[in-house]
Amino acid sequence: QMAVLSRSARRSLPVLRRALLAAGVPIVVPPDGLPLARRSAVVPLLMVLRYAARPDDLDADAATALLTSPLGSADPLRLRRLRRGLLRLHAAGGQAREPVEADTVLATAAVDEERIGSDPLLVDALRAAARGQPDPLAALPPVETAPLRRVGALLHVAGAAVREGAGADQVLGVQGNLRKLGVAGDSLE
């Protein structure tokens, strides 16, 4: 039994195929010719690398994609809860507010969401985490901020490694850091 692995299937596969067939070696090429960088398990990791190195490039779409990926594991309900919490925090000037009636909070959040939108707040919180700045979410309950904290911690760890001069393979190879942050390798597949 033998396996032939190739780095670049696009360039070397036709040559390898002809050579192996000429030598009488049967060939089975996996049907999934999708490049590694476009596979669903790899895309969030590459996004973490990109935005850890350049946090200013992070936009609302990328923040949402990271939060809803297996790394952040935010479903629509958790994402909405996070956005509302950020809006409340923004409306309170960054400080925890005394509990008020739920209708008042929802009305304030709805007005703020129309006025400023919550996505810039998500982006700002992730950028702060990537830069290793103090936690702007300390006043919010962990149940609301868990996805943002997970992704923010990954951005922070990756950003610190990038600032120290680590390459992409070194940053992604730190499985211990991913496990410490509660992201198991099997949850990314």
Side-chain angles (χ1 to χ4, degrees), residues 38 40-163 171-172 174 177-185 187-189:
R38 293 188 24 213
S40 62
V42 177
V43 170
L45 293 173
L46 293 176
M47 289 177 73
V48 165
L49 281 175
R50 180 180 307 126
Y51 298 119
R54 296 187 308 264
D56 292 333
D57 291 351
L58 185 69
D59 61 7
D61 292 336
T64 302
L66 279 169
L67 292 170
T68 57
S69 76
L71 299 176
S73 55
D75 58 13
L77 180 62
R78 292 186 93 179
L79 198 56
R80 184 179 178 140
R81 189 178 300 157
L82 172 62
R83 285 179 168 138
R84 291 233 169 150
L86 287 170
L87 286 169
R88 283 194 320 271
L89 188 63
H90 178 75
Q95 303 298 322
R97 218 165 40 168
E98 293 299 319
V100 293
E101 290 185 29
D103 293 339
T104 306
V105 170
L106 292 177
T108 303
V111 169
D112 282 346
E113 194 163 8
E114 287 179 17
R115 187 173 52 96
I116 62 168
S118 59
D119 287 340
L121 301 175
L122 287 174
V123 171
D124 289 344
L126 284 175
R127 284 180 182 164
R131 292 184 185 113
Q133 295 172 342
D135 185 5
L137 307 173
L140 293 177
V143 71
E144 288 181 1
T145 60
L148 199 138
R149 287 180 190 277
R150 276 193 297 273
V151 172
L154 288 170
L155 286 170
H156 175 69
V157 168
V162 167
R163 285 188 291 279
V171 175
L172 290 177
V174 184
N177 285 335
L178 294 176
R179 285 198 177 88
K180 282 184 214 173
L181 297 170
V183 180
S187 70
L188 300 176
E189 297 181 295

Looking only at heavy atoms, which two atoms of [X] and [Y] are closest? And how far apart?
X	Y	result
Val123	Ala63	CG2-CB, 4.0 Å
Pro55	Arg127	O-NE, 3.1 Å
Arg150	Ser73	NH2-OG, 2.9 Å
Val48	Ala158	CG1-CB, 3.9 Å
Leu71	Pro44	CD1-CB, 3.6 Å
Ala60	Asp119	CB-CB, 3.6 Å

What I'd like to find out is whether the side chain of [X] reaches to under 4.5 Å of the side chain of [Y], using heavy atoms alone.
X	Y	value
Arg81	Val143	yes
Leu66	Tyr51	yes
Leu86	Leu140	yes

Inset, instruction - Going by the side-chain hydrogen bond (donor to acceptor under 3.5 Å, both in side chains) test, name the single residue among Arg84, Arg88, Arg83 that passes it with Glu144. - result: Arg88
Value rounded to 0.5 Å, distance of [atom1] in [X] from [atom2] in [Y]:
X	Y	atom1	atom2	value
Arg50	Leu155	CZ	CG	12.0 Å
Leu121	Leu89	CG	CG	8.5 Å
Arg78	Leu148	CZ	CG	11.5 Å
His156	Leu126	NE2	CG	13.5 Å
Leu82	Leu87	CG	CG	9.5 Å

